[in-house]
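The shown structure was predicted, so the numbers you read here are calculated from the model rather than taken from an experiment.
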Amino acid sequence: MATTNVLIYTSPFQRCIDTSLGIARHLPNTILRLELGLGEWMCERFFEDDLAPASRLLARQQETLARKQAEAFSSIAKNNNNINKNGNTATKTTLLPWVDYGYQALRTEFDFPEHYGDMLRRFDDTRLHCMATAATTTTIQPFSKNNKNDNSNSNGGISNVVVLFITHAVGVNALLDGFRNQLTRPIETGYCSISRVTRVHPSKSTTLLTSPLTPPPPLPSPKEEKDSDDFHNAIIYSEWTVDLLASDIHIVDNND
């Protein structure tokens with residue numbers, strides 16, 4: 001049977017990295033990649049002129065992740081030496097993702113101030129870049145004793161790959177629109193909400209166009225900050241379907 005590997009592409013902003021690490025602790029065979037293209041909308045409403053270079057942010061986050069990995073490996077080595085009389089390890093090792101420090105992100109610097117149309121283009125370009133690199137990634141099992149560093153398991157099954165995008169509210173809407181191949185009005189996306197997109201098999205897909213050659217509506221020009229009915233109401237064909245939209249049902253209120 002094929003194994004499943006998880007590729008996490010995350011915004012380098014701290015809250016997204018924290019979310020990524022929290023998810024990775026519960027998923028084996030996970031690779032983490034920092035992608036600046038998934039970062040926050042760099043508009044003047046959110047940020048001021050004196051922004052630190054993105055390269056500094058990325059370097060600091062990679063250094064912090066490397067330190068956490070070193071601590072995790074040290075803990076693994078210590079636990080392996082603490083064998084009790086029954087031959088079992090005394091404590092359970094905490095899973096950490098395998099950080100891909102060699103990953104080449106699509107963006108390497110902030111574009112500020114960033115207009116709405118530019119932000120939409122950035123996220124769609126990033127989406128395509130991440131999906132392309134995911135398709136060519138040699139999937140591995142970093143913490144497996146039988147790590148062969150290839151993309152097949154011992155039974156010859158090709159590994160399945162699940163791609164996770166960890167980003168911000170405006171980015172969730174932009175990514176979903178990219179997969180839909182349709183620009184829609186943004187919806188509210190709560191903290192830690194989850195959306196899921198699956199590929200529609202060509203034989204089961206439905207064309208929503210009156211003509212299959214109808215081009216998609218143009219994105220707003222960089223000067224346009226307001227939404228436009230012309231491009232938000234268009235319906236066009238997509239090979240992806242959104243089957244979970246901004247769901248927070250997994251979040252349990254401990255006060256209940």
Side-chain angles (χ1 to χ4, degrees), residues 4-43 45-47 57 61 65 95-97 99 105-107 114 116-131 134 160-200 219 225-227 231-235 238-256:
T4 298
N5 292 264
V6 180
L7 276 170
I8 299 179
Y9 292 88
T10 180
S11 160
F13 286 74
Q14 187 62 51
R15 55 192 179 276
C16 289
I17 291 181
D18 289 342
T19 300
S20 299
L21 294 178
I23 293 173
R25 289 190 183 96
H26 301 279
L27 298 175
N29 309 331
T30 304
I31 301 175
L32 179 65
R33 291 171 168 172
L34 302 187
E35 175 55 71
L36 188 65
L38 296 174
E40 185 62 273
W41 179 14
M42 305 304 295
C43 67
R45 279 179 275 174
F46 298 160
F47 299 94
L57 170 65
Q61 299 292 40
L65 288 169
L95 292 176
L96 279 180
V99 182
L106 180 65
R107 297 295 181 102
E114 184 179 43
Y116 186 72
D118 294 329
M119 179 273 296
L120 292 177
R121 290 184 181 88
R122 165 167 64 91
F123 270 95
D124 200 46
D125 290 345
T126 300
R127 176 184 67 87
L128 295 174
H129 175 75
C130 292
M131 297 299 291
N160 297 314
V161 178
V162 174
V163 177
L164 301 182
F165 294 98
I166 311 298
T167 185
H168 311 268
V170 68
V172 171
N173 283 283
L175 288 173
L176 289 174
D177 279 356
F179 279 110
R180 293 186 186 107
N181 200 20
Q182 173 186 359
L183 290 168
T184 62
R185 293 194 180 282
I187 63 168
E188 182 178 353
T189 54
Y191 287 112
C192 297
S193 63
I194 297 176
S195 298
R196 183 176 62 195
V197 180
T198 55
R199 190 188 296 272
V200 179
L219 290 171
E225 288 292 332
K226 297 182 64 177
D227 297 338
F231 63 84
H232 279 126
N233 292 335
I235 299 178
S238 175
E239 63 174 316
W240 301 88
T241 181
V242 179
D243 53 15
L244 192 63
L245 183 60
S247 173
D248 59 0
I249 194 173
H250 57 286
I251 301 176
V252 178
D253 188 351
N254 294 326
N255 296 324
D256 290 346

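The closest donor-acceptor contact from the side chain of R122 to the backbone of G37 lies under 3.5 Å. Formation of a donor-acceptor pair under 3.5 Å by the S193 side chain with backbone atoms of T189 is not found in this model. With hydrogens and angles disregarded, no donor-acceptor distance shorter than 3.5 Å links the side chain of Y116 to the backbone of C43. Checking side-chain atoms of S247 against main-chain N and O of L244 turns up no donor-acceptor pair under 3.5 Å. A distance-only check finds a donor-acceptor pair linking the side chain of W41 to the backbone of E114 [under 3.5 Å]. Checking side-chain atoms of E35 against main-chain N and O of L106 turns up a donor-acceptor pair under 3.5 Å. No donor-acceptor pair under 3.5 Å is formed between the side chain of Y9 and the backbone N or O of R33.
A distance of 9.5 Å separates CG in L175 from OG in S195, rounded to the nearest 0.5 Å. In this structure, CD1 in I194 is found 9.5 Å from CG in D248, a value given to the nearest 0.5 Å. Expressed to the nearest 0.5 Å, how far CG of L7 lies from CZ of F165 amounts to 9.5 Å. Expressed to the nearest 0.5 Å, how far CD1 of I8 lies from CG of L27 amounts to 6.5 Å. Summarising the geometry, atom CG belonging to L176 is positioned 12.5 Å from atom CZ belonging to R196; distances are rounded to the nearest 0.5 Å.
You'll find the side chain of E40 stays beyond 4.5 Å of the side chain of S11, heavy atoms only. By the 4.5 Å heavy-atom criterion applied to side chains, M42 and F46 are not counted as neighbours. Q61 has its side chain within reach of Q14: a pair of non-hydrogen atoms, C-beta onward, lies under 4.5 Å apart. Counting heavy atoms from C-beta outward, F123 and T167 have side chains that approach closer than 4.5 Å. In this structure, L183 and L120 have side chains that are in contact, with non-hydrogen atoms separated by less than 4.5 Å. Inter-residue side-chain proximity for I31 and N5 is flagged as unmet; no heavy-atom pair is nearer than 4.5 Å. By the 4.5 Å heavy-atom criterion applied to side chains, T10 and L34 are counted as neighbours. Proximity of I166 to I23: side-chain heavy atoms (C-beta onward) are separated by under 4.5 Å at one or more points.
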Any chance you could lay out the side-chain contact (heavy atoms from CB on, under 4.5 Å) test for L65 and I17, step after step, and finish with the verdict?
CA-CA 9 Å; L65 288 169; I17 291 181; 4.2 Å; yes
Apply side-chain contact (heavy atoms from CB on, under 4.5 Å) to residues V6 and L164 and explain how you reach the verdict.
CA-CA 7 Å; V6 180; L164 301 182; 3.8 Å; yes
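We find that R121 and D124 are not joined by a salt bridge, their nearest charged nitrogen and carboxylate oxygen being 4.0 Å or further apart. With salt bridges taken as basic N to acidic carboxylate O contacts below 4.0 Å, one links D177 and R180.
In this structure, F13 and F47 have tilted ring planes: the angle between them lies in the 30° to 60° band.
Taking each heavy atom of G22 and H26 in turn, the nearest pair found is O-CD2, 3.2 Å. M119 and V170 make their closest contact through CE-CG2, 3.3 Å (heavy atoms, listed as atom of the first residue, atom of the second, distance).
Judged by the 6.0 Å and 45° rule, R127 forms a cation-pi pair with F179.
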